[in-house]
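Values in this document were obtained by computation on a predicted structure and should not be read as measured data. Both counts, for ligands and for their atoms, begin at 1 and track the order of listing. These values consider heavy atoms only, across backbone and side chains, with no hydrogens, waters or symmetry-generated copies.
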Amino acid sequence: MRVVKEQSDQEKGFTAQDFTICEATAQMLKRTHKDGVSTVFERAAEMKPCPIGSASACCKNCSMGPCRLNAKDPYSKRGVCGATIDTIQARNFARMVAGGASAHADHGLEMLDIFRDVVNGKIKDYQIKDPIKLIEVAKSIDIETEGRSIEEIAKDLYEELKKTFTQIEGEIPFVKRVPEATREIWRKLGIVPRGAMREIMETMHRTHIGVDQHYENIALQFSRCALADGWGGSMVATEISDILYGTPSPVLANVNMGVLKEDYVNIIIHGHEPNLFESMLASVNDSALIEAAKEAGAKGINIAGMCCSGAEILSRHGISHAGNFLSTEYVLATGAVDAMGVDVQCIMQGLSTVAKCYNTFLFTTNPRAKIEGAEYIELDEHNPRKCTDEIVMRAIARFKNRNVKVEIPQIVNPGIHGFSYEYIKYMLGGTFRASYKPLNENIINGKIRGLAGVVGCTNPRVKHDYIHVELVKELIKNDVLVLQTGCSQIALAKAGLLVPEAAHLAGDGLAEVCEAVGMPPVLGLGSCVDNSRILIAASEVVKTGGLGNSLADLPLAGAAPEWMSEKAISIGQYFVASGIYTVFGVTFPAMKGTKFYDLLFGGLEKMGLGYWGFAEDPYEMAKLMIAHIDKKRKALGIDKARERVLFDMAVRRELEAI
Ligand code: NFS
């Protein structure tokens, strides 16, 4: 459903609710519109997407072009070098995967750099907070842990995980966690990642003019590259962050712009790597800085997150979250934000203009990501407080001299966040017999029809949050347990679904399980790199037994209904290459009726991998995912149990008694 229409500049006829279902964002959009400040929804309305580009029918990989093929009749033309539509689409897709995978790999490698310097004592501000997780991760990749010190294990873990990025030959370490049958398919296809740097480099090489010109061969390479993200860069980022800052467990926290407080100094942290946020937490809890805030007339210092760093810290520490990607400019329009600190990824350049208009300090902190017009205060992890204390001081100064009318939408949505893979195990099996067995049993007996990972961005080409929320509601209504991360998790938190009471929106079977365990029907796992938690959880379901041998056998589907970034394409592709059916919305960078499209939407499945799906409408999307889940239930021979659960209460009681 395309809902963004061209808007007139006059106040009359401008309806903020056409752009978003987030009331707080709509309220602030009205304000920016009235103030004549350029923001993302209005820029999107003015900027028509290029029809050839969005069909991925153009190539600008060399200067003989750019070549534009015919999006209506894709085989009627070729590029100047002779490239077909399939080669062009496959190359474009591959480069999106490489872009996304490089973002997650660079993030993961940064975490590993910090881990190394924590272990060798060069970084003192962070410690190993979760030694149990350290041991578990080490064991999972066959590092000897018996009778060894934490430091010895940590050093080995660093050396081993470094291979995720730098290894030239062999298999990246976390491939050991992949179910055997899935791993064998990868080996047969030659797509086990060697090392992320190598896979990204080779993807860029092969998509250069005149190199790999068979769309199937390109697809195998971008699958390998994407797997180096999911089972590599992203997984290292998650695991090392847990080891350093703690593994999440459920925590009650508030989401939405109402978490800002008019009489406090408000600081927002936005971006992706948790280091900036962790140090900022230390700064805002520093008594001298709190005192300084009070002297400036504030009641204290209030901190909130946005986007993925926000989702990560929300899940790990229960810190309030102000909104997802599309709300980042609008939160500044409250006038209540005294400083926003950002690091890398999903940071709109438009923020610097909006920050100026509302007199907010916008600080970039990472040498990889500066913004024209924003001030740069570098975060050096060897002395991080220098940066975060300074941001706090500047925020206090801005509070003292606030000269913008403050307007905070009074909306706050409490919810439970922080369902790590480990916690799900305890929650279902109890502390002493932690296991995924109860989950498998409930899938087999049909109370839980299947699992879905609903993740990813928000995109102004569709109504903000709407597709996420409607899709998830439809899935849980049909007894599908939903796992979430990133901006999608925040959308559902704002819709009030991350509370156990939301079980009443679920089908009878899922509601029963949720009520028995006391969990919401929608489990928030954290940030986008934490999609790796979904892979680990799914692998555990396979290993627990009764639901097939490979990830492709599971009644499980993925979706990024409002995706926009290259990272989302990399995530989608590693889900697909792992064996998971994955549905995207908005638009898809391949054209129906081409061989490349058929490969993504069916051919990969024939090779033993997963496959892609596409739908714009959330109900259609849910239908596709549920049909896939039912197909897998049938193949596993557990479709009958489900029918009985659905239609016959007496048999259902009987089943429970077994
Ligand atoms: Ni992931 Fe999209 Fe960005 Fe996070 Fe949000 S936009 S791909 S969810 S913040 S990375």
of all protein heavy atoms, closest to atom 9 (S) of ligand 1 is Cys307 CB, 3.4 Å
Can you label the angle between the [X] ring and the [Y] ring as parallel, tilted or perpendicular, going by 30° and 60°?
X: Phe93; Y: Phe222; answer: tilted
X: Tyr597; Y: Phe601; answer: parallel
X: His464; Y: Phe41; answer: tilted

Per-atom contacts, ligand 1 versus [X] - under 4.0 Å to a heavy atom:
X: Met564; result: 6 (S)
X: Ser565; result: 2 (Fe), 7 (S)
X: His272; result: 3 (Fe), 4 (Fe), 9 (S), 10 (S)

Within the 4.0 Å heavy-atom cut-off, what Cys346 brings close to ligand 1 is side chain
| query | Would you say Gln345 contacts ligand 1, with heavy atoms under 4.0 Å as the rule? | reply | no
Does the side chain of Met306 reach to within under 4.5 Å of the side chain of Asn324, using non-hydrogen atoms? no
Note to self: Do Val137 and Phe174 make a side-chain contact, defined as non-hydrogen atoms from C-beta onward lying under 4.5 Å apart?
What the structure shows: yes
Are any N, O or S atoms from Cys308 nearer to atom 5 (Fe) of ligand 1 than 2.8 Å? no
Interatomic distance, OG1@Thr207 vs CG@Asn92, rounded to 0.5 Å, equals 9.0 Å
To atom 6 (S) of ligand 1, the nearest of Cys457, Gly100, Gly456 on a heavy-atom basis is Cys457
